[in-house]
Asker: 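Questions regarding the structure given below will be posed in turn.
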Amino acid sequence: AWVLVGFLGQSAFFSRWHAQWNYSERQKKSGIPVIFWYLSIVGGVITLIYAIHRKDPVFITGQMIASFIYVRNLMLFYKQPSTS
């Protein structure tokens, strides 16, 4: 079951690249949609849970730091003025 949790986290994390690629193709320029950051948080937290279960301090530290960065990027995204 824990291996499935790990794969779920990695799948959510990987799907953010698919979202970014689709967004950039639609915009006809490179860009990062807000869903990228949500998928980063979901995938990162699930992967963090898996890393805690495995008791891997390197993996835990990396995922914890990355999660703060993803949340900060969302804060910056919602803080910017609307372009509409």
Asker: Please enumerate all residues that pass ring pair (Phe, Tyr, Trp, His ring centres under 6.0 Å) together with Tyr70, with sequence neighbours excluded.
Answerer: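 In terms of ring pair (Phe, Tyr, Trp, His ring centres under 6.0 Å), with neighbours along the sequence ignored, Tyr70 is linked to no residue.
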Asker: State which residues pass side-chain contact (heavy atoms from CB on, under 4.5 Å) with Ile46; sequence neighbours excluded, sorted by chain then number.
Answerer: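 Checked Ile46 against side-chain contact (heavy atoms from CB on, under 4.5 Å); matches are Val5, Leu8, Val42.
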Asker: Tell me whether Ile35 shares a hydrophobic cluster with Ile69, the cluster being built from Ile, Leu, Val, Met, Phe, Trp, Tyr side chains joined at under 4.5 Å.
Answerer: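 Each belongs to a different hydrophobic cluster.
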Asker: Is there a path of hydrophobic side-chain contacts, each under 4.5 Å between heavy atoms of I/L/V/M/F/W/Y residues, joining Trp21 to Val34?
Answerer: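 They do not share one cluster, since no chain of ILVMFWY contacts under 4.5 Å joins Val34 to Trp21.
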Asker: How would you list, by chain and number, every residue that makes a side-chain hydrogen bond (donor to acceptor under 3.5 Å, both in side chains) with Asn22, sequence neighbours excluded?
Answerer: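 Asn22: side-chain hydrogen bond (donor to acceptor under 3.5 Å, both in side chains) contacts with His18.
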Asker: Who else is in Met64's hydrophobic cluster (ILVMFWY, side-chain heavy atoms under 4.5 Å, direct or via others)?
Answerer: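 Its cluster mates, by chain and number, are Leu48, Ile52, Ile60.
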Asker: How long is the gap from CD1 on Ile32 to CG on Asn73, to the nearest 0.5 Å?
Answerer: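 Here the interatomic distance stands at 7.5 Å.
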Asker: What residue pairs, at least two apart or across chains, pass side-chain hydrogen bond (donor to acceptor under 3.5 Å, both in side chains) with a residue in residues 26-35?
Answerer: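 side-chain hydrogen bond (donor to acceptor under 3.5 Å, both in side chains) check on residues 26-35 returns no pairs.
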Asker: Scan residues 31-52 for pairs that pass side-chain hydrogen bond (donor to acceptor under 3.5 Å, both in side chains), counting only residues two or more places apart or in two chains.
Answerer: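 Passing the test, one end in residues 31-52: Arg16-Ser40, Tyr38-Tyr78.
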Asker: Looking at every heavy atom in both Gly44 and Phe13, which two are closest together, and how far apart are they?
Answerer: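 What the structure gives for the nearest pair is N-CD1, 4.1 Å.
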Asker: With hydrophobic residues grouped by side-chain heavy-atom distances under 4.5 Å, do Val58 and Phe68 end up in a single group?
Answerer: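 Not linked; separate clusters.
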Asker: Given the rule that I, L, V, M, F, W and Y join up when any side-chain heavy atoms are under 4.5 Å apart, are Phe59 and Phe14 in one cluster?
Answerer: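 In one cluster with Phe59: Phe14, yes.
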Asker: Could I get the full list of side-chain contact (heavy atoms from CB on, under 4.5 Å) partners for Leu4, not counting sequence neighbours?
Answerer: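 Listed in chain order: nothing, the list is empty.
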Asker: What heavy-atom pair brings Pro33 and Ala19 nearest, and what distance separates the two atoms?
Answerer: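 Taking every non-hydrogen atom into account, CG-O, 3.9 Å.
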Asker: Which residues satisfy the side-chain hydrogen bond (donor to acceptor under 3.5 Å, both in side chains) test with Gln20, sequence neighbours excluded?
Answerer: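 Here the qualifying residues are Ser24.
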